[in-house]
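Reviewing the structure listed below.
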Amino acid sequence: MGLKFFSRLWATHPVSASLVRLAAMNTVAALALAAPSAWAQSTDLSACMAELRPAARTAKVTDTTWARHTVGLQADFSVIEKLNFQPEFRTAIWDYLSALVDDERVADGAARLKEQRAALARAEQRFGVDAATVVAVWGVESNFGQTFGKYPLVQALGTLSCHGRRQSYFRGEFFAALRILQAGHIAPERLVGSWAGAFGHTQFMPSTFERLAVDFDGDGRADLMDSSVDALGSTANFLARAGWQTGLPWGIEVRLPSGMSVAGEGRRSKRPVTDWTARGVRRTDGTALPDSLGAAGLLTLAGAKGPAFLVTRNFDALYSYNAAESYGLAIAHLSDRLRGAGPFTTPWPTDDPGLSRAERRELQGLLVMRGHDIGPVDGMLGNQSRVAIRTEQQRLGHEADGRGGQKILKALRGG
Ligand code: CA
């Protein structure tokens, strides 16, 4: 699911996408990158569709389905811009996590744990994945079903099948999307999602849907758009098939002995817990590591001075959902918070920590009060917010990077 990574980090997920976009982007530069070649092309896809028809037939897309969904299909070149978009720099892990795992999402997740108790208990019984983990995936993927992406999937995948890099990959997803419609799992007008084709409560790609989606509410359709019960069951199934081991923790935050090198360590370099104990690694409260971890790798996403984690094969299962360690850690941490744990013990190595969504909205409100036009106060620090932040940073003599962190928030609170 290589492209799922793109879909998540760079376009679909409104929170992470906006984070990356805002940190990365200079909208003007990004548009200039993709626009001229894309916009020079015709939006007519009929010739390409005619070319794809034999392959679609081999892929079990019927003539009726094909005609219904591809006749008159127009390209949307904005998805090619997304495909080609190169962020200028990456969002810091503390910015990424502070919006994805904030008090609001923990509270929302706790409410969903209650509401969906019955379905989650059934999912745990059938697939062996606990409720907090499944709900954490739901929260990170779609903010518990509140943000699905806005691209009509057939159009987005049709465009990507005919233009841009990776057309053969997207053709497989295009045909899968058509087969999902053909099977009647989801109504055509409901099938919208990310520019790259991930959709629904837990943002499955169409081919992933075909492999792993389950009808968990028993109405005969696996509907990841409109049935949260189907989505929760499907997520538990995904993790089970990714090797989730029932009862094994994803990992724990640990304290490293001073001077310990983390070079060469990582999620994949798993060693028995006894080895880590022998090297002086302890729980953050200084007590001994739990034997229950079995074999674990040492994960440090901000160097040896930041929070450090011993992670098990269950972390690998979370990782496989989106092929990004920061993403895996967001789910892992949210699941811990839903079990009642607090924030990480070790602070991130920065003097300007990230903002929760509530703090982002507060910052935007302060920018508006100072006369900046930043668009809607939505907690997503987009390009307009960045420009305004940069202006205020210049005025205050801060480093003018346009990033919204605690420093600028505190300065503006003070007037
Ligand atoms: Ca169903």
Side-chain angles (χ1 to χ4, degrees), residues 1 4 7-8 12-13 59-62 64-65 68-69 108-109 111-154 156-157 172-194 196-242 244 246 317-318 320-322 331:
M1 289 209 296
K4 232 184 144 240
S7 69
R8 192 79 51 258
T12 30
H13 195 286
K60 298 192 165 58
V61 177
T62 67
T64 312
T65 302
R68 182 174 298 157
H69 299 293
D108 289 345
R112 298 309 170 106
L113 275 173
K114 266 191 197 164
E115 283 165 26
Q116 300 286 348
R117 187 183 299 150
L120 290 163
R122 268 199 307 128
E124 180 158 9
Q125 194 174 26
R126 177 158 159 201
F127 301 109
V129 184
D130 65 281
T133 299
V134 172
V135 168
V137 173
W138 191 19
V140 169
E141 287 290 327
S142 70
N143 197 19
F144 312 107
Q146 292 179 59
T147 47
F148 285 171
K150 60 178 169 48
Y151 292 86
L153 233 60
V154 170
L157 290 171
E173 296 298 334
F174 182 49
F175 298 156
L178 293 171
R179 286 191 303 262
I180 290 167
L181 295 174
Q182 185 169 289
H185 288 295
I186 295 168
E189 68 278 8
R190 294 290 300 138
L191 192 59
V192 297
S194 79
F199 67 97
H201 284 269
T202 45
Q203 297 283 290
F204 277 22
M205 291 298 287
S207 61
T208 309
F209 177 102
E210 291 195 310
R211 281 190 300 119
L212 297 170
V214 294
D215 169 23
F216 209 49
D217 62 12
D219 71 349
R221 300 180 302 130
D223 184 355
L224 300 190
M225 292 301 300
D226 290 317
S227 167
S228 47
V229 171
D230 284 359
L232 296 174
S234 299
T235 292
N237 186 37
F238 181 104
L239 293 173
R241 296 277 290 273
W244 187 269
T246 307
L318 299 178
S320 72
Y321 213 100
N322 201 20
I331 291 176

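For ligands, and for the atoms within them, numbers begin at 1 and follow the listed sequence. Everything numeric here is computed off the predicted structure, so don't read it as measured data.
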(message) Regarding Asp219, does it place an N, O or S atom less than 3.0 Å from the Ca ion (ligand 1)?
(response)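 True for Asp219.
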(message) Restricting to N/O/S atoms, is Gly220 within less than 3.0 Å of the Ca ion (ligand 1) or not?
(response)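 Not a single backbone or side-chain N, O or S atom of Gly220 is under 3.0 Å from the Ca ion (ligand 1).
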(message) If you round to 10 degrees, what value do you get for the angle at the Ca ion (ligand 1) between Asp215 atom OD1 and Asp230 atom OD1?
(response)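 Computed angle, vertex at the Ca ion (ligand 1), rounded to 10 degrees: 80°.
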(message) Show the nearest heavy-atom pair for residues Ala196 and Met205, with the distance to one decimal.
(response)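 Reported closest heavy-atom pair: O-CE, 3.0 Å.
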(request) Have a look at Thr235 and tell me which of Leu212, Val137, Leu224 forms a side-chain contact (heavy atoms from CB on, under 4.5 Å) with it. (result)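 Result: among Leu212, Val137, Leu224, Val137 is the only option passing the side-chain contact (heavy atoms from CB on, under 4.5 Å) with Thr235.
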(request) Of all N, O or S atoms in Asp217, identify the one at the shortest distance from the Ca ion (ligand 1). (result)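 For Asp217, the N, O or S atom at the smallest distance from the Ca ion (ligand 1) is OD1.
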(request) Evaluate the ring planes of Phe238 and Phe204, with Trp represented by its six-membered ring, and classify them as parallel (under 30°), tilted (30 to 60°) or perpendicular (over 60°). (result)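 Rings of Phe238 and Phe204: tilted, 30 to 60°.
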(message) Nearest 0.5 Å, please: how far is OG1 in Thr202 from CG in Leu232?
(response)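 It comes to 8.0 Å.
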